[in-house]
Amino acid sequence: MKKNIILAMVATGSALMMSNALAAAGTVNFNGNILDSACDVAVASQNQVVVLGDYNKTEFPATGSRTAATKFDIVLKNCPVTVNSAKVRFDGTPDLTNADLLAIDTSVAGAATGVAINLMTADKADLPLHGSNSYSYVLSSTADNTLNFYAQYISTAASVTAGPANSVANFSVAYN
C-alpha cells in the first residue's frame, strides 16, 4: 500500500513538473508572401561605381566629421502590379569602430584609416549597414523606379591617415 501511495505521489509530482515545463508563454506568428515575380534591377545599377571624391585629411578635424554627400541611384524596372513598395538593405564589411558604417578596404596597400562610409536614404537619413530602416520607396508598375541614396565619408577617429578609401557593399530589395 505504501508503494502505491509513493508511486501515486511520484506520478502526480511528475505530471505537475511537466505541466510547468510545458506552460505556454506566448506565440510567434510568421506572415509573408511568395511573389510571382519581383522588379528587375537595371543593368546600370547592378555593378556601379560611386565616386565619393578626393578629400584632404585636414577636412576631418574631429571624430564624426562628414564630407559632402554623393548621390547614387538604384533603378528597378518591370515591377509587377502586386508590388507597391520596396526597402533596400546594404551589406558589407562593417567598420570596427561603428558597425553601422561601411569599413574601408584595408587589404589595399596604404589604405586610409580613421574613416568609414556612411550610407543614407533619399531623405539623407543615415541607413545603417546590415540594418533595416523605415524608409520605403513607392514603386510603379508602369514606369522605371529610381531609388535615390547618398554616401559620404565620415571620420571614426580623431586622426585620419591619407590613402585609398574604397569599399564594397551588396544590396538587396525587400518588397511591400
Is the shortest heavy-atom distance from the side chain of [X] to the side chain of [Y] under 4.5 Å?
| X | Y | result |
| --- | --- | --- |
| Tyr137 | Ser85 | no |
| Ile104 | Tyr153 | yes |
| Asn118 | Arg66 | yes |
| Leu52 | Thr67 | no |
| Thr146 | Ile74 | no |
| Tyr150 | Phe72 | no |
| Val75 | Asn145 | no |
| Leu101 | Leu129 | no |

So, for [X] and [Y], which heavy atoms are closest and what is the spacing to 0.1 Å?
| X | Y | value |
| --- | --- | --- |
| Pro94 | Ala99 | CB-O, 3.6 Å |
| Ala151 | Ile117 | CB-CG2, 4.3 Å |
| Pro164 | Gly110 | CD-O, 3.3 Å |
| Ser155 | Ala62 | OG-O, 2.6 Å |
| Pro80 | Cys39 | CD-N, 4.0 Å |
| Ser45 | Val41 | CB-CG1, 3.9 Å |

For this session: Could you state whether Phe90 and Met120 fall into the same hydrophobic cluster, counting links through intermediate Ile, Leu, Val, Met, Phe, Trp or Tyr residues with side-chain heavy atoms under 4.5 angstrom apart?
Result: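 Different clusters: Phe90 never reaches Met120 through Ile, Leu, Val, Met, Phe, Trp or Tyr contacts under 4.5 Å.
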Problem set entry | Hydrophobic cluster identity match, Val50 and Ile154, side-chain contacts under 4.5 Å |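 No, Val50 does not connect to Ile154 through the hydrophobic network.
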Problem set entry | Residues forming a salt bridge (charged side-chain N to carboxylate O under 4.0 Å, His left out) with Asp40, sequence neighbours excluded |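 With sequence neighbours excluded, Asp40 shows a salt bridge (charged side-chain N to carboxylate O under 4.0 Å, His left out) to no residue whatsoever.
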Problem set entry | salt bridge (charged side-chain N to carboxylate O under 4.0 Å, His left out) partners for Lys77, two or more places apart |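 Once residues adjacent in sequence are excluded, Lys77 has no partner under the salt bridge (charged side-chain N to carboxylate O under 4.0 Å, His left out) criterion.
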Would you give the length of the straight line joining atom [atom1] of [X] to atom [atom2] of [Y], rounded to the nearest 0.5 angstrom?
| X | Y | atom1 | atom2 | answer |
| --- | --- | --- | --- | --- |
| Asp123 | Asp126 | CG | CG | 10.0 Å |
| Asn148 | Tyr135 | CG | OH | 7.5 Å |
| Ser167 | Asp105 | OG | CG | 6.5 Å |
| Asp100 | Asp95 | CG | CG | 10.0 Å |

For this session: Would you sort out whether Thr161 and Thr113 count as a side chain to side chain donor-acceptor pair (under 3.5 Å), showing the intermediate values?
Result: CA-CA 5 Å; Thr161 62; Thr113 61; 2.4 Å; yes
For this session: Answer yes or no: does atom CG of Asn56 have more than 12 heavy-atom neighbours from other residues, nucleotides or ligands under 6.0 Å?
Result: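 Enclosed: over 12 neighbouring heavy atoms sit under 6.0 Å from CG of Asn56.
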Short side-chain to backbone donor-acceptor contact, [X] and [Y], under 3.5 Å:
| X | Y | result |
| --- | --- | --- |
| His130 | Gly92 | yes |
| Asn176 | Asn84 | yes |
| Thr63 | Ala158 | yes |
| Gln48 | Asp73 | yes |

For this session: List the steps, then state whether side-chain contact (heavy atoms from CB on, under 4.5 Å) holds for Leu76 with Leu139.
Result: CA-CA 8 Å; Leu76 301 177; Leu139 301 177; 4.1 Å; yes
For this session: Only one of Thr70, Val88, Leu119 passes side-chain contact (heavy atoms from CB on, under 4.5 Å) with Phe149; say which it is.
Result: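 Answer after filtering Thr70, Val88, Leu119: Val88.
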